[in-house]
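Heads up: the structure comes next, in structure tokens.
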Amino acid sequence: MDFDLTEEQAMIRQMVREFAEKEVAPIAAEMDRLGEIPAELIGKIAEMGLFGISVPEAYGGGGGDFLSYILAVEELSRACASTGVTVETHVSLGTEPILNWGTEEQKQRYLPRLAGGEMIGSFGLTEPNAGSDAAAIETTAVPDGDHWLLNGSKIFISNSGLADLCIVMAMTDKTAGTRGISAFIVETASPGFSVGRQEEKMGIRAAKTASLTFDNVRVPRENLLGKIGEGFKIALHSLDGGRVAIAAQALGIAQSAFDQAREYARMRQQFNRPLSAFQAIQFILAEMATEIKAARMLTYHAAWLKDQGQRITEAAAMAKYYASETAMKQSSKAVQVYGGYGYIRENGVERLMRDAKITEIYEGTTEIQKIVVAGQLLR
Ligand code: COS
């Protein structure tokens, strides 16, 4: 058992940490206020190679392993959870499905541009009537000569408005249940593809989230991803990886909450002593640090299993369930340590609480993660 990062993983973590502290953290509050990640920052992330961190060098990526990517999402999210999820959506949900399920031709066509950040990726699964019940999607794809015709709509789609490409799940056979769903690589510039208004969210306010509408969108036949009927499997397999990355996002938020709470506890004086001299506050910090460590172990272990080529359905669900609850708890505790100063925007800890909540919801709610874990345990 080896708990050390490799030299390369440690180097990537350090590099992303420095980048996040210098380029992301100073503008995180402003991005949250404006509801926007500046194009300049997206450009810098692309320059750093973070959009292609886990894409093999043969396709223009950095050739890093999955754990390196997880470390990058954690460090970005520690500075700004909106930035973390923008990269996460692009990598786990917009790029990995092509890497894992695409034909050689699809990989050659899309991966170099995705890895370089010239194209941003997204993932269209959720619909108004298909949230946790992902198989209930109503968007349809019907063959039409050399194309597929897509009709329907999606909601709550991350990176909408920013993305150039969307992996869209659509029904190709309504009578076949989950095996009637297929996946398509859809370019967002296609006629009939439209993006709704950006949602006003509680947290991750700088990340883009909008609905999509497909009005007779013509998708070339060769853009079917995987085989007909494999879409649900592709979606859930992609979400396995995505859930580990959301656990990493949650970890970044929780770590930031701890860092700020500790700093404040040392600095803030009440009753002629720093807060950190009170056992009530020491216990809070001890609980925070312990739970964050446990969440980190689950998350890195799930990433390590993926790097060993093992199925991670259970490990990913456990990591996401635990890390997201940890982020919610720790960010709330950080606000408590700050007291009234934590409740006002100025100090930045309330943003962590708002950002943490979504990690318990997207890419499968906590309840869905428990269903997945129980399903594996009772198989
Ligand atoms: N990887 C690959 N394939 C998987 C899989 C995984 N992690 N999980 C399930 N599958 C396959 C199964 O093997 C099965 O395939 P076969 O029909 O060939 O046997 C198929 O998918 C259906 O599996 P299952 O019957 O377990 O699926 P359910 O309909 O019971 O749904 C839940 C399972 C509820 C867990 C699933 O719908 C889910 O994860 N929902 C949440 C969706 C979600 O995360 N939404 C967020 C949107 S993205 S922000």
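All values reported here derive from a predicted model rather than from experimental measurement. In each ligand, atom 1 is the first atom listed, and ligand 1 is the first ligand listed. Note: hydrogens, waters and symmetry copies are ignored here, and every other heavy atom, side chains too, is used.
- Listed by chain and number, the residues in a side chain to side chain donor-acceptor pair (under 3.5 Å) with Gln255 are Asp259, Arg296 (sequence neighbours excluded).
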What does the N/O contact table under 3.5 Å look like for ligand 1?
from	atom 1	to	atom 2	distance (Å)
ligand 1	7 (N)	Asp240	OD1	3.3
ligand 1	7 (N)	Asp240	OD2	2.8
ligand 1	7 (N)	Arg311	NH2	3.4
ligand 1	7 (N)	Thr313	OG1	3.2
ligand 1	17 (O)	Arg179	NE	2.9
ligand 1	17 (O)	Arg179	NH2	3.1
ligand 1	18 (O)	Arg179	NE	3.4
ligand 1	18 (O)	Arg179	NH2	3.1
ligand 1	19 (O)	Arg179	NH2	3.4
ligand 1	39 (O)	Arg243	NH2	3.2
ligand 1	40 (N)	Ser132	O	2.9
ligand 1	44 (O)	Arg243	NH2	2.8
ligand 1	44 (O)	Gly364	N	3.1

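- No side-chain donor-acceptor contact under 3.5 Å links Arg179 to the backbone of Gly229.
- At least one cation-pi condition fails for Arg218 and Trp148: the charged atom is not both under 6.0 angstrom from the six-membered ring centre and inside a 45 degree cone around its axis.
- With sequence neighbours excluded, no residue forms a side chain to side chain donor-acceptor pair (under 3.5 Å) with Ser238.
- With Asn223 as the partner, the side chain to side chain donor-acceptor pair (under 3.5 Å) test is satisfied by one option alone out of Glu187, Gln106, Arg109: Arg109.
- Residue pairs meeting the side chain to side chain donor-acceptor pair (under 3.5 Å) criterion with at least one partner in residues 152-171, sequence neighbours excluded, are Glu127-Lys154.
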